[in-house]
Student: 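Take this structure, written in structure tokens, and hold onto it; I'll ask about it next.
Hydrogens, waters and symmetry mates are skipped; everything else that's a heavy atom, side chains included, is used. This is a predicted model, so every value here is computed, not measured. Along the sequence shown, residues carry numbers from 1.
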Amino acid sequence: EIAPPGRRGLYCSGGGTGMTLGLLLGSAAAAALDGLLDAETIHAFAWRIPFLAGLLLGGLGLWIRNGMTESAVFEQGREESEAEHAPIVEVLRHHGLVVAQLFAASLLFAAAFYVIFIWLPTYLSTIMQPAAEGAVLFNTIAMLLLMGFLPMAGALSDRFGRRAILLVGAAGFVGLSAPFFVGLHS
């Protein structure tokens, strides 16, 4: 809502980049524990350390957020929506197709994210025989790459349109999935 015209994709990429940064910190903490401690120590108590650090970071984030003011555009929208009794009904009635399209795009991104950052490290470290060494490190590197690609994709969407970038990303995910998984076993 505060992004200048022609920069909204880039500005909005900050949300995904920030979320990935949080996950990256968690992955890096797991990789550090895995590299510094033996499995018995991790299972006994050390697995709690990243969660405690996350609790502290969450508190810091809440403190920062509570100190921020809302933008004028947000406040204006809040005042206008108070007049409507069921704003979700209005959105679905007037923009149902767009909501369905956004839901489908979000579902594809969520599925891709889950496969790459949740399922793949588990597969590499526990299911694949022999287990791949460095699955957590692979996950950390993949998140670093994602953090670099999100702002680039946002900037490209400002230039070429959101639809074009979403379609290229979806086609790339679908088209590269099979060769990637075949390559895992070779």
Side-chain angles (χ1 to χ4, degrees), residues 1-37 41-91 95 98-99 102-103 105-122 125 135-158 162 165-166 169:
E1 59 209 28
I2 63 167
R7 306 291 282 183
R8 289 192 174 131
L10 179 61
Y11 276 48
C12 288
S13 71
T17 303
M19 177 199 68
T20 306
L21 176 61
L23 292 169
L24 174 65
L25 290 173
S27 180
L33 287 179
D34 196 40
L36 296 172
L37 303 172
T41 304
I42 292 172
H43 291 298
F45 74 91
W47 64 269
R48 294 174 179 92
I49 295 170
F51 290 97
L52 293 173
L55 185 63
L56 293 174
L57 284 173
L60 176 65
L62 185 61
W63 177 71
I64 291 170
R65 178 62 187 102
N66 283 336
M68 296 174 67
T69 58
E70 298 293 354
S71 71
V73 174
F74 179 85
E75 290 295 343
Q76 180 183 359
R78 184 183 354 214
E79 289 171 10
E80 290 171 3
S81 70
E82 287 175 358
E84 296 179 24
H85 296 290
I88 188 71
V89 173
E90 292 297 314
V91 168
H95 307 286
V98 173
V99 170
L102 288 171
F103 179 78
S106 296
L107 190 61
L108 178 66
F109 180 76
F113 192 91
Y114 173 80
V115 167
I116 295 167
F117 297 109
I118 307 299
W119 181 82
L120 187 59
T122 301
S125 63
V136 175
L137 180 60
F138 166 81
N139 194 40
T140 302
I141 292 168
M143 284 190 199
L144 282 170
L145 291 172
L146 179 62
M147 284 181 59
F149 283 122
L150 285 173
M152 286 191 299
L156 287 171
S157 77
D158 288 329
R162 317 280 183 253
I165 300 306
L166 284 172

Student: Can you name the side-chain contact (heavy atoms from CB on, under 4.5 Å) partners of L108, sequence neighbours left out?
Tutor: A170, F173
Student: To the nearest 0.5 Å, what is the distance between CH2 (W63) and CG (L60)?
Tutor: 7.0 Å
Student: Would you mind listing every side chain to side chain donor-acceptor pair (under 3.5 Å) that reaches into residues 41-60, with sequence neighbours excluded?
Tutor: D38-T41
Student: Could you tell me which residues satisfy salt bridge (Lys or Arg N to Asp or Glu O under 4.0 Å) with R65, sequence neighbours excluded, listed by chain and number?
Tutor: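 Result, salt bridge (Lys or Arg N to Asp or Glu O under 4.0 Å) vs R65: E70.
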Student: Hey, could you give me the CG/CG distance between L107 and L102, rounded to the nearest 0.5 Å?
Tutor: 12.5 Å
Student: Can you tell me how far CG of L145 sits from CD1 of I116, rounded to the nearest 0.5 angstrom?
Tutor: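 That separation rounds to 10.5 Å.
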Student: To the nearest 0.5 Å, tell me how far L37 CG sits from F45 CZ.
Tutor: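 L37 atom CG to F45 atom CZ measures 6.5 Å (nearest 0.5 Å).
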Student: Looking only at heavy atoms, which two atoms of D158 and G9 are closest? And how far apart?
Tutor: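 Answer, listing the atom of D158 first, then G9: OD1-N, 2.6 Å.
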Student: According to salt bridge (charged side-chain N to carboxylate O under 4.0 Å, His left out), does anything in residues 106-119 pair up with another residue at least two apart or in another chain? List the pairs.
Tutor: none
Student: List the atom of A135, the atom of P121, and the distance in Å for their closest heavy-atom pair.
Tutor: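 Nearest pair, atom of A135 first, then P121: CB-O, 3.7 Å.
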Student: Taking all non-hydrogen atoms of both residues into account, name the closest pair between I165 and A153 and its distance.
Tutor: CG2-O, 4.0 Å
Student: Find the distance between OG (S106) and CG (L166) and round it off to the nearest 0.5 Å.
Tutor: 9.0 Å
Student: Testing the basics here: between L10 and P151, what is the closest heavy-atom pair and its distance to 0.1 Å?
Tutor: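 Answer, listing the atom of L10 first, then P151: CD1-O, 3.5 Å.
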Student: Would you please name every residue forming a side-chain contact (heavy atoms from CB on, under 4.5 Å) with F138, sequence neighbours left out?
Tutor: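 Result, side-chain contact (heavy atoms from CB on, under 4.5 Å) vs F138: L120, L124, F180.
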Student: Would you check if L144 and L24 make a side-chain contact, meaning some heavy-atom pair closer than 4.5 Å?
Tutor: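 The answer is yes; the side chains approach within 4.5 Å.
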Student: Taking atom CZ as the centre, does F113 end up with more than 12 heavy-atom neighbours from other residues, nucleotides or ligands that are less than 6.0 angstrom away?
Tutor: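 Yes - once you tally the heavy atoms of other residues, nucleotides and ligands closer than 6.0 Å, there are more than 12.
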Student: For S157, give me all partners under side-chain hydrogen bond (donor to acceptor under 3.5 Å, both in side chains), at least two apart in sequence or on another chain.
Tutor: R162
Student: How long is the gap from CE on M147 to CE on M152, to the nearest 0.5 Å?
Tutor: 12.0 Å
Student: What pair of heavy atoms forms the shortest contact from L23 to M143, and how long is it?
Tutor: C-SD, 3.5 Å
